[in-house]
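Okay, so here's the structure we're looking at.
Just so you know, residue 1 is the first one in the sequence shown, and it goes up from there.
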Amino acid sequence: VKFNRPVTEKINLEMADTEKGQRIVAGFDMEPGDELLMKIALSSTGIEGAKKNLEAEIPGWDFEGTRQAAKDSWNSYLSRINVTGTKDQLINYYTCFYHALIQPNQISDVDGMYRNAKNEVVKTGGDAFYSTFSLWDTYRAKLPLMTITHPELMDDIVNTMIDIYKKQSFLPIWHLWGWDNGCMVGSPGIIAVSDAVTKRIEGIDAERAWEAIYKSAMHDIRGGKYRKQYGYMPNDLQGESIAHDMEFAIADAAAYEVAKMLGKEEAEYLEKRSHSWLNYFDPEVGYPRGKSSTGEWRADFNPFNASRINNEYCEGNAWQYLWLVPQDLEKLVECFGGVEQTIEKLDGLFTADTKMEGEDVTPDISGLIGQYVHGNEPSHHIIYFYTMLGQPWKAADRLYEVMNTMYSTDVDGLSGNEDVGQMSAWYIMTTLGFYPVEPAAGKYVLGVPMVDEAEIDVQGGVFTIVRKGYSEQNKYVQSVELNGKALDRYYITHDEVVAGGKLTFRMGAEKKAWY
């Protein structure tokens, strides 16, 4: 902490313990109307590191200049997407974009030094070292969004994750200020790194990344050894077994995409293991159900059970985890016996009773439409399944409902925890009309755009989204054109987006599929 005037009185300026916690107290000899300025710098390495950061980042005492520089810097990031819309839409959109960009945090000093999980002060191998990776949340849409809007940051972010792997022998899970707290389930770092690799983000060594991906996928921690032994995680050996296994299956699918791209012999094994969730699908009940190491189903199964005690799910129940197969919708359709039956079950998700049963139900289960939980991440891709199943008008209806009821300009404008930008990233991408459902597959499933026009600054120039003919009656997509040519599929690719171009949605009243 540095002041622009001398401290004339000190009461333990270093730190004082009080009944209400710790505080710093300082006194100054000032006249009425005098101005007091204070500068603060942070460092994970120590006081000398903080001093270097302060001298480099705020060398003078120009308050207005510093504020303007911060504003200009933020605007340079936020202006990567320009949308038209109502005042409330613009407030929501750019607030969400701001939220999505607050983290990850650079924790390396201006000289590249940072304190790692082993309490060592070391130099980063890249331009910057990052932390605050809430990866169970952010692998879904927040980091994929950044691969479109801020690819120049993603190489350091991903290389940081690979450096973390080198230190702890697995990719980060929930990395916070230099150490991994291991919060949440699965191995989401695999998905985040795989997504960036398959999109060929510049500055990432694909072979170096592959080592981190595969070694993390084969690691014994977090129940990994049970998947290798049994092919799934038994509920008598691993807590939150279904949640862990299903997230690992998504990670395997993402790792498979990298293995396939690089021609690795492990691709076949990873693809096979990405279907491990099938071990839990019990056709008798129609849900994923806990299974023991001896192959016995959990006896007291209840799809509404969301207890945090002795349960196979994490922050949810069987209703939500039934759909946690973004990599494997075709297999889920097979489980139900066809597309029609799958859609019927999906309809039931949104019309089911909103009750959550069991002891100590987590407050993270919020923003309910039936048993769909928008306030928590495992549900975020589900609405887009309607498009993938051939009924995009149902996706549109549910997307409008979520956008109109779960996001607002009020102080409680989100239906759940922001989760380091994922809640906002869902809004940003849904507004644009597409969403990254399948992990590391390099494509985005189309929904319905929420504004008449949006422009994204991308590597190839500008990618423009246009909505034509929208009204309250004409709210369904009738046709889609990419660069003037009719699109006969339900998705666009990452390469098509970052190349620049124009995506046009023509709207009408008919409930139809354009593909």
Side-chain angles (χ1 to χ4, degrees), residues 68-87 89-106 126-128 130 138 140-159 192 195-204 420-436 442-468 480-485 487 491-505:
Q68 187 62 47
K71 182 178 180 179
D72 292 344
S73 179
W74 269 109
N75 279 337
S76 73
Y77 287 118
L78 297 174
S79 63
R80 301 287 178 92
I81 303 179
N82 288 295
V83 299
T84 61
T86 66
K87 180 179 178 180
Q89 281 180 314
L90 294 176
I91 292 173
N92 274 333
Y93 198 89
Y94 288 103
T95 300
C96 282
F97 205 8
Y98 169 70
H99 286 178
L101 295 176
I102 293 174
Q103 283 100 8
N105 302 115
Q106 179 182 333
D127 292 332
Y130 287 86
T138 58
R140 303 170 200 269
K142 186 268 185 61
L143 291 175
L145 172 66
M146 291 186 68
T147 65
I148 298 173
T149 59
H150 299 84
E152 78 281 4
L153 300 178
M154 287 303 297
D155 59 340
D156 276 333
I157 289 172
V158 170
N159 285 327
D195 185 67
V197 171
T198 56
K199 291 173 179 174
R200 296 175 174 82
I201 299 295
E202 292 183 12
I204 300 172
V420 191
Q422 168 58 26
M423 197 68 63
S424 285
W426 188 95
Y427 182 94
I428 293 166
M429 300 205 76
T430 293
T431 298
L432 298 174
F434 54 87
Y435 190 83
K443 58 187 181 182
Y444 306 101
V445 177
L446 300 179
V448 57
M450 298 292 165
V451 293
D452 285 337
E453 187 169 345
E455 294 180 340
I456 313 171
D457 290 342
V458 293
Q459 291 161 290
V462 177
F463 188 73
T464 303
I465 298 102
V466 176
R467 181 181 68 176
K468 290 190 174 182
V480 181
E481 298 169 6
L482 180 62
N483 299 325
K485 296 182 179 180
L487 195 70
Y491 64 89
I492 54 174
T493 68
H494 178 77
D495 289 343
E496 288 168 340
V497 173
V498 298
K502 186 175 182 180
L503 185 68
T504 304
F505 293 82

Is the shortest heavy-atom distance from the side chain of [X] to the side chain of [Y] under 4.5 Å?
X	Y	answer
Val83	Gln89	no
Tyr77	Thr149	no
Val445	Tyr435	no
Val498	Lys199	no

Looking at [X] and [Y], what are the two nearest heavy atoms and their distance?
X	Y	answer
Ile201	Asp155	CG2-N, 4.1 Å
Gln422	Ala141	OE1-N, 2.9 Å
Arg467	Pro449	NH1-O, 3.4 Å
Leu78	Tyr98	CD2-N, 3.7 Å
Met450	Thr430	CG-O, 3.9 Å
Ile492	Val497	CD1-CG2, 3.6 Å

[X] (side chain) donor-acceptor with [Y] (main chain) under 3.5 angstrom:
X	Y	value
Thr431	Tyr427	yes
Ser73	Ala70	no
Thr198	Gly442	no
Lys468	Thr504	no

In Å and rounded to the nearest 0.5 Å, what is the [atom1] to [atom2] distance from [X] to [Y]?
X	Y	atom1	atom2	result
Leu153	Leu143	CG	CG	11.0 Å
Asp156	Asp127	CG	CG	5.0 Å
Met429	Lys142	CE	NZ	13.0 Å
Met423	Ile428	CE	CD1	12.5 Å
Asn92	Ser424	CG	OG	9.0 Å
Glu152	Met146	CD	CE	8.0 Å

Sequence neighbours excluded, which residues qualify as ring-ring contact (aromatic ring centres under 6.0 Å, His included) partners of Tyr93?
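Applying ring-ring contact (aromatic ring centres under 6.0 Å, His included) to Tyr93 gives none.
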
From Leu432, Asn82, Val462, residue fulfilling side chain to side chain contact (heavy atoms under 4.5 Å, CB included) relative to Ile456:
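Exactly one candidate clears the test, Leu432.
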
Does a sphere of radius 6.0 Å around CZ in Arg80 hold more than 12 heavy atoms from other residues, nucleotides or ligands, not counting ones at 6.0 Å or beyond?
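Result for CZ/Arg80: enclosed.
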
Anything under 30° is parallel, anything over 60° is perpendicular, the rest tilted; go ahead and classify Phe434 against Phe463.
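Perpendicular: the ring planes of Phe434 and Phe463 meet at over 60°.
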
Would you please name every residue forming a salt bridge (Lys or Arg N to Asp or Glu O under 4.0 Å) with Glu496, sequence neighbours left out?
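Result, salt bridge (Lys or Arg N to Asp or Glu O under 4.0 Å) vs Glu496: Arg489.
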
